[in-house]
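This report concerns only the one structure given below.
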Amino acid sequence: MADTYTNPLRRRLPDGLIPENEVARTEDRWFAIMLSMLGVMMVIIVATSALGALHPPSNVETIDPTTLHLGGEFAESNLGTAAEPDGSVTVRMIAEQYSFVPACVRVPVDTPVKFRITSADVIHGFLLPATNVNTMIVPGYVAEVGTTFSRTGMYEMPCDEFCSYGHHGMWGRVEVLPRDQFPDLNPVERTSCEKQ
Amino acid sequence: MKNSDRLLALYHFWVAFAVFLPAVVLGAWQMLMRSPLPAPLDDTNAYYASVTLHGTAMAYVVTTFFAMGLGYAVIETSLGRPVRGGVAAWIGFVVCLVGTVMAVVTVLSGRASVLYTFYPPLLASPWYYFGAFLLIGGSMIWVVLMIYNMSAWKRDNPGQPVPLVMFAITATAILWAWAASGVLIELLFVLIPQALGITTEIDAGLGRTLFTVTLHAIVYFWLMPAYIAFYTLVPQAAGGRLYSDTFGRLTFISFIVFSLPVGLHHIFGDPEIGAGFKFLQSFLTFFVVLPTLLTVFSLCASLEIAGRVRGGRGLLGWIWALPWQEPMVLAVALSLVMLGLGGFGGLINMSYAMNNMIHNTSWVTAHFHLIWGGAVLIMYFAIAYEMWPRITNKPLRSKALARWQLWLWFVGMLVVTIPWHVTGLMGMPRRVAAFDYSDPFVAPMGPWVIISVIGGFILLVSAILLITILVSSQLGERKLSEPLRYALAVNPPRTVPASLNGFALWNCIVLVLMVLAYGYPLGQFLFLKSSVPAYDVTRQAVSTEGK
Amino acid sequence: MSSDMLEPRVPPPGGTSAGAFADSTLQYHVSASAKIEHVAAPIDAQTAAEALKHGPRGALVLASISVGLLFVGWLLFYFVLFLPRGPVG
Amino acid sequence: MRQLGSLRSDNPWPIIAWGAAAAVIVVAGALGFGFLDRFQQGGPTLSVWNAICRGLGITADIGPASEPQPPLRTPTRIAWTGATHDRIAAGNPKRGELVAANCTACHGNQGISQAGIYPTLAGMDAAVIYKQLDDFRSGHRSWGAMSAIGQALSLEDSADVAAYFARQSGGLPATTGDRMPASGRSLREADPAQRLVFAGDPRHSVPPCSACHGPGGYKLGTPALQGQQVNYIEEQLVAFAQGLRQNDISEQMRIIARGLTPDDMHAVAVFYGVPTGVPRAGGLALR
């Protein structure tokens with residue numbers, strides 16, 4: 001067996017006491033097994049990502065961070081949760097040294113939620129533990145990440161990227177409400193978790 | 001070894017280890033800081049300065065000096081002739097050292113708390129950037145010397161295979177040149193002009209994308225000395241021979257080719273890169289796993305030869321027959337366990353959308369501490385134990401102490417990183433100076449964090465032990481030592497195909513892959529209008545400049 | 001402690017460092033080091049071949065088990081932890 | 001380059017390597033740009049052409065919210081653009097001194113206030129003074145006589161007077177970012193003021209005050225607080241919390257003040273401030 005196997009890629013390699021063919025064959029076999037293992041993983045990633053439209057947040061969109069408050073999408077009157085005609089909701093937020101604005105937003109459960117966040121100054125991060133919501137917030141760009149919450153409750157929202165000396169104090173919150181409670185909220189109640 | 005070359009290697013190693021110990025002290029203090037336990041000098045600003053210093057020291061200083069020292073030792077021992085360009089090597093040493101001092105002093109003064117990954121538009125004192133530039137730029141002298149020594153030897157020995165260890169360390173140098181290009185360009189064209197006030201705005205996305213060119217390949221630059229030990233030192237320490245020379249060459253080549261066009265997987269969460277390129281680089285990242293998977297097998301096979309020769313029987317009986325009293329053999333086993341666990345974390349990180357589950361949580365910190373701080377560093381220790389008698393002509397003081405040191409490092413690293421993996425999955429962000437453990441969300445992480453602090457102090461004990469062993473050995477009695485020996489393959493190749501004996505082909509492939517993987521992601525910044533004002537962490541903005 | 005010194009390394013049964021035995025493969029030592037004194041061949045090629053006469057079976061088993069664990073772990077993380085955390089994009 | 005030319009049979013690697021690299025790039029590119037990018041969260045499946053654009057990062061679905069926009073409210077007219085910086089930097093302190101003659105009645109000689117409700121201006125960052133004056137002018141901030149005074153000042157006057165006060169010593173210290181580490185500056189600290197100032201209160205979305213107001217930290221548009229009037233600090237915190245003052249860009253202070261209890265506000269004000277009438281030694285009221 002060992003003598004009849006000749007790998008065309010390994011011709012003219014030196015021969016030794018253990019037939020080089022034998023070594024080459026073992027190596028090739030191991031290489032093939034490893035390649036197929038990685039192949040299986042890649043197939044799983046591609047299939048699930050296609051079926052569930054799973055992607056890392058990758059919306060490339062630029063914005064001027066110095067004039068956010070003067071008007072446009074991220075003016076303070078426009079921040080927070082907004083209901084879209086198709087039933088989904090969009091949450092607009094600013095991350096700044098060292099707060100999320102608003103510091104707490106409310107969204108309905110089992111509803112597509114799209115977070116659109118931008119930074120007013122430096123790099124921040126946005127992470128909702130126990131979900132896959134996680135994006136960097138780079139000044140000059142609008143980060144966009146979508147998900148659907150399947151569980152109600154209060155989600156902590158720490159800044160997960162170093163943004164200078166106050167970084168550890170930068171925590172916000174997202175409260176996921178039952179679907180039927182959400183429409184009753186007025187716009188102010190949607191962007192504040194204080195008891196009304 | 002020629003005396004001057006011996007000193008060259010020794011000085012490089014000593015800078016690495018002299019910086020290493022205080023960096024471990026900082027690490028241990030940082031762990032205490034972010035835990036629920038009391039901490040001395042609990043100051044959150046000091047924490048961020050400390051993280052910057054810990055990262056700068058470990059990522060740039062320790063690794064670069066260690067690799068440079070190893071390179072010079074390898075030239076002499078593998079090519080069998082003195083280092084050519086010794087003066088240039090010393091100049092490089094001094095430049096790197098000046099850069100190190102400059103960066104360290106600036107961070108200590110609190111004027112550069114921007115972390116070693118720089119994070120524009122945060123802006124540090126220009127001296128920090130100058131220091132980093134001199135350190136990284138100075139190591140390019142080493143890169144040139146490695147390539148020069150290898151090609152000079154090849155010219156003098158036509159048709160001969162370059163010794164595997166020389167091939168591997170030159171591969172490391174070439175990889176470092178490619179890797180460093182990203183950070184050097186970022187420093188030169190983005191950060192330093194801004195810090196000097198030459199430019200008024202900075203593109204954070206451009207800075208981050210450039211840094212990712214460095215960010216993954218630098219990890220393989222750190223890793224390659226460990227792999228060099230796997231292939232060329234471990235088999236002989238175990239008492240056997242290298243299973244396959246070709247496998248080794250292919251492994252080091254694969255690292256050059258596949259560790260470069262994959263850096264975007266570090267910024268899967270960033271908004272400045274399109275999803276297509278993120279997937280492309282995620283896909284390529286899968287191939288950088290291959291050389292490690294090949295090495296695991298090749299290494300096991302080399303050890304199996306040794307174990308069987310030493311009388312090991314049965315399918316796995318050879319494992320027990322290995323000479324475990326040898327620090328190198330012990331280190332490789334501990335290294336492989338940590339490589340496996342850390343590699344597992346890496347598989348999660350690189351899997352496209354799954355990265356979102358753990359991006360920028362303490363999971364990531366755990367991952368790279370296991371890989372670099374664990375699997376790689378423990379091999380640095382073993383290499384140092386192997387090298388010390390050869391470059392000082394003093395025998396190692398105690399192998400038993402060395403074994404203790406390795407075990408402590410292994411246990412400490414696991415105790416540190418396993419809790420970090422757990423808290424990462426719970427959603428604990430990284431690089432945070434202080435947590436409010438009375439918060440019901442943070443509270444359950446408290447016990448895990450406390451366990452990891454214990455590990456941090458085990459690591460500190462191990463680091464102190466390492467320095468003790470090295471110093472006491474060096475102060476010991478002079479004794480002629482055996483020369484450093486590199487493992488011969490079972491089938492030593494008489495000739496090697498040209499492509500496995502040089503890097504021209506592979507550099508061309510890297511160039512093409514880099515253009516394809518990074519051309520557009522970097523080129524887009526020419527037309528994206530995304531420059532923003534910088535935030536200087538050291539002084540007030542323009543408004544009070546005239547004061 | 002003194003018996004625990006690094007050197008000389010205890011030679012394993014069947015051989016010692018390079019040059020101590022007649023081994024035809026030693027003449028091709030350049031792939032390890034150009035200088036024979038820096039070449040480690042504690043066993044001759046014949047002994048190594050003997051040790052591997054059934055191929056590196058143990059190494060294959062050991063490496064397969066470790067890599068297999070990685071693979072299974074990855075599958076578990078992907079399907080049990082990642083996907084239930086909800087969609088993202 | 002010698003290797004590249006040698007496609008002889010004893011070196012199959014160039015063919016293997018180029019072939020493998022090409023195959024990997026083609027497969028990855030086709031999957032990434034032509035297939036996966038077609039699927040989007042909460043949106044229709046894209047055509048291949050749009051998917052490629054999305055893969056590159058060229059997105060077409062950019063636009064404002066589709067629901068009726070609430071009426072626009074802006075906190076200030078000032079934005080920290082280069083033009084604003086240039087205008088502030090052009091401030092003439094000599095001319096500012098003449099303008100400042102109108103201010104000393106309330107804000108004290110050289111801008112060092114002796115009355116609790118009036119802030120000390122000496123040493124305050126010129127950008128801060130400039131912005132507040134403009135906010136008084138535009139009505140985004142209102143307080144007694146200041147609205148009328150703001151309207152009486154031109155942009156140039158504001159820049160000049162800001163430059164003048166910023167250069168006065170004996171009031172607020174300059175924040176340089178330099179600070180020696182000291183104990184008791186983390187969440188472990190028992191003293192509530194010290195804890196809030198140096199570590200904040202993450203549970204209530206309160207970052208550490210010192211990160212922007214010093215000591216040690218600085219942020220554009222943020223006044224240094226050491227040596228400010230206690231009453232003034234506390235009053236402003238209450239005003240931010242209750243929405244009486246809304247001229248902070250991106251709700252910066254309103255968010256934080258809402259997370260503070262009245263006791264917190266008082267503690268922080270006392271920590272930073274100098275009680276009215278206490279003479280300042282050496283110019284700096286450092287703790």
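Naming: A, B, ... by sequence-line order, numbering from 1 per chain. These numbers come from a predicted model, not from an experiment.
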Portion of C:Tyr78 that has a non-hydrogen atom of chain B nearer than 4.5 angstrom: both
Contacting moiety of B:Leu293, where chain C heavy atoms sit under 4.5 Å: side chain
Contacting moiety of C:Val30, where chain B heavy atoms sit under 4.5 Å: both
Rounded distance (nearest 0.5 Å) linking atom CZ of B:Arg308 with atom OG1 of C:Thr47: 14.5 Å
Contact origin within C:Leu81 toward chain B - heavy atom pairs under 4.5 Å: both
Point-to-point distance, once rounded to the nearest 0.5 Å, from OG of C:Ser31 to CG of B:Leu500: 12.5 Å
CH2/B:Trp320: more than 12 non-hydrogen atoms of other groups inside 6.0 Å: no
Spacing of B:Leu484 atom CG and C:Lys35 atom NZ [to the nearest 0.5 Å]: 12.5 Å
C:Ser33 OG to B:Leu164 CG distance, which is reported to the nearest 0.5 Å: 11.5 Å
Minimum side-chain heavy-atom gap C:Phe77-B:Leu425 below 4.5 Å: yes
Under 4.5 Å from any heavy atom of chain B - which part of C:Leu60: both
Option that, when pairs with chain C are counted at under 4.5 Å, heavy atom only, ranks first among B:Val296, B:Ile348, B:Val165, B:Ile358: B:Ile348
Residue part contacting chain C, namely of B:Ala489, when any heavy atom lies under 4.5 Å: neither
Contact origin within B:Thr77 toward chain C - heavy atom pairs under 4.5 Å: both
CG-CG distance between B:Leu341 and C:Leu69, expressed to the nearest 0.5 angstrom: 10.0 Å
Spacing of CE belonging to B:Met354 relative to CH2 belonging to C:Trp74, to within rounding of 0.5 Å: 5.0 Å
Heavy-atom pair of closest approach, residues C:Pro56 and B:Phe297: CG-CZ, 3.8 Å
Heavy-atom pair with the smallest gap, counting every atom of C:Glu37 and B:Pro483: O-CG, 3.3 Å
Most chain B-contacting option - heavy-atom pairs closer than 4.5 Å, from C:Ala34, C:Gly73, C:Ala59: C:Ala59
Taking every non-hydrogen atom, the tightest pair across B:Leu316 and C:Gly58: CD2-O, 3.7 Å
Minimum heavy-atom distance B:Pro163-C:Ala32, with the two atoms named: CB-O, 3.4 Å
Test item: B:Pro161 and C:Tyr28 side chains (from C-beta on) under 4.5 Å apart, heavy atoms: no
Least distance between heavy atoms, C:Ala51 atom then B:Ile305 atom: CB-O, 3.9 Å
Over all atoms of both residues, closest heavy-atom pair of B:Gln236 and C:Ala40: CB-CB, 3.2 Å
Structural part of B:Leu315 lying under 4.5 Å from a heavy atom of chain C: both
Part of B:Arg81 lying under 4.5 Å from any heavy atom of chain C: neither
Beyond-backbone contact of C:Leu62 with B:Leu303, side-chain heavy atoms, under 4.5 angstrom: no
Contacting region of C:Arg57 [heavy-atom separation from chain B under 4.5 Å]: both
